[in-house]
Amino acid sequence: PAGELVVIRGWTPGLALRECLAQPMTPHGAASTVAQAARAISSAHAQGVTHGRLRPSALMLLPDG
């Protein structure tokens, strides 16, 4: 319901974006990663879900990309 704060903490298999940034990305890889993150954030917001601490260590990249 509106006005409620819910904290969800779960483990996702994958690599945090922060860890991926230790190595250079290709321009295509960087654009694809940003586009995927934007779609995920947009989808969550459309459902009324916001992320209180969005940062590279909170964005997980799945093993299959």
Side-chain angles (χ1 to χ4, degrees):
E4 285 189 16
L5 174 64
V6 177
V7 176
I8 300 172
R9 185 168 187 122
W11 297 104
T12 302
L15 198 59
L17 178 59
R18 179 181 60 178
E19 296 166 356
C20 292
L21 296 176
Q23 299 294 321
M25 286 184 160
T26 65
H28 181 273
S32 175
T33 299
V34 169
Q36 289 178 55
R39 281 192 302 271
I41 294 164
S42 176
S43 176
H45 282 201
Q47 298 174 55
V49 177
T50 59
H51 194 296
R53 293 191 61 190
L54 193 57
R55 58 202 184 284
S57 61
L59 289 171
M60 301 300 292
L61 301 175
L62 298 177
D64 63 0

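Counting all heavy atoms, side chain and backbone alike, Thr33 lies closest to Met25 at OG1-CE, 3.6 Å. When all heavy atoms of Ala16 and Ser57 are compared, the pair lying nearest together is CB-O, 3.8 Å. For the pair Leu61 and Cys20, the tightest heavy-atom approach, listed with the atom from each and the gap, is CD1-SG, 3.2 Å.
Atom CG of Leu59 sits about 12.0 Å away from atom CG of Leu15, to the nearest 0.5 Å. Between atom CG of residue Leu54 and atom CD1 of residue Ile41 there is a gap of 4.5 Å, rounded to the nearest 0.5 Å. Rounding to the nearest 0.5 angstrom, the gap separating the OG atom in Ser43 from the CZ atom in Arg39 is 10.5 Å.
Cluster partners of Met60, using a side-chain heavy-atom cutoff of under 4.5 Å among ILVMFWY residues and allowing indirect links: none.
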